[in-house]
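Order of the sequence lines fixes the chain letters, A, B, ..., with proteins taken first and strands second; residue numbering starts at 1 for each chain. For clarity, every value in this text was computed on a predicted model and none was experimentally measured.
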Number of protein chains: 2
Amino acid sequence: MSCESDLTQELRELGFRVTPQRRVILHILLHANGHLTPSEVFALAQESLPGLMETTVYRTLEFLVQTGLAQAAFGSNGKRAYEISDEHHHHLICRQCGKEIEIPHVQLDSLYASLEASTQFKLVHNHITFLGLCAECQ
Amino acid sequence: MSCESDLTQELRELGFRVTPQRRVILHILLHANGHLTPSEVFALAQESLPGLMETTVYRTLEFLVQTGLAQAAFGSNGKRAYEISDEHHHHLICRQCGKEIEIPHVQLDSLYASLEASTQFKLVHNHITFLGLCAECQ
DNA sequence: ATCCTTATTGCAAAAACTTGCAATAAGGAT
DNA sequence: ATCCTTATTGCAAGTTTTTGCAATAAGGAT
Ligand SMILES: [Mn+2]
Ligand SMILES: [Mn+2]
Ligand SMILES: [Zn+2]
Ligand SMILES: [Zn+2]
């Protein structure tokens with residue numbers, strides 16, 4: 001009974017296959033404390049799964065985002081990073097020193113409501129990176 | 001007196017040099033109606049400036065963002081695109097059909113105010129891409 | 001336990017993007 | 001007009017990310 005079993009269960013119920021590659025990558029994301037880049041995931045995953053291709057890591061991470069099990073973040077540098085988080089949140093990063101703050105999604109609730117009202121769109125689970133200057137760097 | 005002269009003037013006042021490459025790329029961005037990818041800019045720029053390198057396009061676009069003359073957008077596919085717009089705005093894209101709506105920044109004013117109050121950060125000119133489902137695709 | 005279907009992976013090649021460094025040329029000084 | 005300084009470009013090489021396709025193996029059926 002490993003820690004990612006509920007997620008693999010969810011995959012199976014959605015009609016997707018549970019492969020060793022997906023298991024390992026889910027395990028890594030679940031135990032990471034922050035965002036991981038594809039090459040970080042690859043380096044870690046390769047330890048338990050020699051022969052794993054970096055291509056597969058890219059595809060699996062994007063697959064997990066499509067299914068809603070993982071979230072992608074676009075850092076200030078434009079590079080992608082991934083995480084699994086049960087809290088819908090966003091980020092605010094200081095463009096000068098890189099300090100990062102997490103923004104609970106509840107702070108965007110009224111924005112979302114007004115956007116949905118004015119556009120007729122239904123917003124999905126976004127994971128936004130705001131840039132700014134922290135108190136020290138201003 | 002070409003159309004990008006005021007921007008090249010601004011560059012010069014900031015202490016940067018005005019090169020044919022920067023002129024051409026500014027001209028292209030000013031006449032584009034939407035976002036352009038680096039390779040689109042490259043293809044157009046090469047017509048007036050044979051010998052131009054793609055590297056230079058990447059560097060120039062990023063340079064224009066740093067100086068605040070251009071804005072970068074991270075589309076739903078994660079690929080970068082650039083534009084010059086005098087209106088601070090954001091985007092809302094349908095994850096299903098790709099339909100895209102522009103969101104005037106004024107709709108985020110109160111969010112920005114509340115984020116600045118709660119975090120002590122000063123937010124900068126962000127150019128955010130929200131994802132959702134349009135009325136038809138829901 | 002074996003077979004089937006086809007989703008998923010490995011592998012190779014391409015495309016997108018970045019970096020380092022020597023050659024060039026913009027803009028200021030003479 | 002010529003010279004100087006050094007920001008900027010071209011060029012080559014490297015890294016990151018995407019794509020196509022044949023080989024593999026997950027999961028359901030027999
Ligand atoms: Mn996050
Ligand atoms: Mn835009
Ligand atoms: Zn800071
Ligand atoms: Zn749609």
Side-chain angles (χ1 to χ4, degrees), chain A residues 2 4-5 7-28 35-46 48-67 69-70 72-82, chain B residues 2 4-5 7-28 35-46 48-67 69-70 72-82:
Chain A
S2 74
E4 68 274 13
S5 52
L7 291 181
T8 61
Q9 191 52 36
E10 194 171 333
L11 277 186
R12 209 175 269 114
E13 279 160 14
L14 288 167
F16 298 111
R17 295 182 183 175
V18 175
T19 65
Q21 293 86 346
R22 287 178 177 170
R23 255 186 232 285
V24 167
I25 290 171
L26 278 172
H27 184 86
I28 288 168
H35 301 169
L36 292 178
T37 65
S39 53
E40 287 169 335
V41 172
F42 175 59
L44 292 167
Q46 227 181 6
S48 10
L49 213 68
L52 173 69
M53 292 281 102
E54 202 158 10
T55 302
T56 303
V57 173
Y58 279 99
R59 271 194 286 228
T60 302
L61 289 170
E62 210 37 51
F63 163 80
L64 292 174
V65 171
Q66 298 317 30
T67 61
L69 296 193
F74 292 95
S76 35
N77 51 13
K79 294 212 183 313
R80 242 169 289 199
Y82 296 83
Chain B
S2 74
E4 68 273 13
S5 52
L7 291 181
T8 61
Q9 191 52 37
E10 195 171 334
L11 277 186
R12 210 176 268 114
E13 278 160 13
L14 288 167
F16 297 111
R17 294 182 183 176
V18 175
T19 64
Q21 292 86 347
R22 287 179 177 170
R23 256 186 233 284
V24 168
I25 291 172
L26 279 172
H27 184 86
I28 288 167
H35 300 170
L36 293 177
T37 65
S39 53
E40 288 168 335
V41 172
F42 175 58
L44 292 167
Q46 227 181 7
S48 11
L49 213 67
L52 173 70
M53 292 281 101
E54 203 159 8
T55 303
T56 302
V57 173
Y58 279 100
R59 273 194 286 227
T60 301
L61 290 170
E62 210 38 51
F63 163 80
L64 292 174
V65 171
Q66 297 317 34
T67 61
L69 297 193
F74 294 96
S76 35
N77 53 11
K79 295 212 185 313
R80 242 169 288 202
Y82 295 83

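Nearest-nucleotide positions on DNA chain D place L52(B) closer to the 5' end than the other of L52(B) and T55(A).
Salt bridge status for E54(A) with R59(A): absent, with no side-chain N to carboxylate O gap under 4.0 Å.
Rounded to an integer number of Å, the gap from R22(B) CZ to dG27(C) C1' is 13 Å. Taking atom CZ of F63(A) as the reference point, atom P of dA7(C) lies 12 Å away to the nearest angstrom. In this entry the distance linking CZ of R80(A) with P of dT17(D) reads 8 Å, nearest Å. If you take OH of Y58(B) and P of dA12(D), they are 18 Å apart, rounded to a whole angstrom. When the P atom of dG28(C) is taken as reference, atom CD of E13(B) falls 12 Å away, rounded to whole Å. Note: CD (E54(A)) to P (dA13(C)) measures 17 Å, nearest angstrom. We find that CZ of R12(A) is positioned 17 Å from P of dA7(C), with the value rounded to whole Å. Going from atom CE of M53(A) over to atom P of dA22(D) covers 19 Å, rounded to whole Å.
R59(A) comes within 4.0 angstrom of a base, heavy atoms only. Contact annotation for G51(B): backbone-only contact, meaning every heavy-atom pair under 4.0 Å involves sugar-phosphate atoms and none involves a base.
Here T56(A) reaches the OP1 or OP2 of dG10(C): one of its side-chain N or O atoms lies under 4.0 Å away.
Checking dG10(D) for Watson-Crick or G-U wobble geometry (two distances, each under 3.5 Å) identifies dC21(C) as its partner. Base pairing of dA26(D) is made with dT5(C), judged by Watson-Crick or G-U wobble geometry with both donor-acceptor distances under 3.5 Å.
Ring geometry, F74(B) versus F74(A): the interplanar angle falls under 30°, so the pair is classed parallel (tilted spans 30 to 60°).
Among the nucleotides dT9(D), dG27(D), dT9(C), the one closest to the side chain of V18(A) is dG27(D). Nearest to the side chain of R17(A), among dG10(C), dT8(D), dA7(C), sits dA7(C).
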